[in-house]
Visitor: 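Input: one structure, supplied below.
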Amino acid sequence: MFGKLRVKCPSCGKVLDITDNLPCPVCGTPLGPAGGAVQIYRMGSPIGIAVGFAIYIDGQPFGHLGNKETTYISLPYGSHVVHLAQGMNRKCNDMTVDLSPQAPLVCIKAHIKMGVLSNSIVLEPSTPDQMPR
Ligand SMILES: [Zn+2]
């Protein structure tokens with residue numbers, strides 16, 4: 001058992017949240033922690049945008065993140081690019097994270113920055129003590 005973890009099936013690409021090792025419901029590939037993890041916390045938005053952020057890791061979709069939600073995404077050790085998008089708006093300062101046995105967890109806070117023409121999503125590094133449980 002472990003905390004809720006978002007995984008992507010390495011075989012068929014199905015994204016789901018799991019709390020224990022289990023086979024992929026689509027193709028039967030065993031799913032479990034991949035080594036490291038990225039925790040993303042979407043800070044509350046005062047402008048009441050209820051639309052979920054779409055999560056992309058290395059260009060691959062990894063589900064959604066609602067307002068004030070947090071998710072742990074299981075990823076293999078190595079370098080990964082984190083990108084969030086909101087609807088058609090894909091303005092985001094993509095963040096590159098490095099996961100290793102020495103630093104298996106990277107925490108990121110995400111919020112919306114109001115712009116003159118359009119809003120953008122801002123990612124900033126964080127620490128576990130600043131993240132919700
Ligand atoms: Zn699968």
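Note that these values count all heavy atoms, side chains included, but never hydrogens, waters or copies made by symmetry. Atoms within each ligand, like the ligands themselves, are counted from 1 in listed order.
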Visitor: Determine whether the side chains of Thr71 and Gln39 contain a donor N or O and an acceptor N or O closer than 3.5 Å.
Guide: no
Visitor: Roughly how far, to the nearest 0.5 Å, is SG of Cys24 from CG of Leu16?
Guide: 6.5 Å
Visitor: Can you see which heavy atom on Gly36 is nearest to which on Tyr77, and at what distance?
Guide: N-CE2, 3.7 Å
Visitor: Listing by chain and number, what protein N/O/S atoms are under 2.8 Å from the Zn ion (ligand 1)?
Guide: Cys9 SG, Cys12 SG, Cys24 SG, Cys27 SG
Visitor: Using side chain to side chain contact (heavy atoms under 4.5 Å, CB included) as the criterion, list what pairs up with Ala103, not counting sequence neighbours.
Guide: Ser100
Visitor: Do Phe62 and Val82 have side chains that get closer than 4.5 Å, going by heavy atoms?
Guide: no
Visitor: Between Thr19 (side chain only) and Lys4 (backbone N and O only), is there a donor and an acceptor less than 3.5 Å apart?
Guide: no
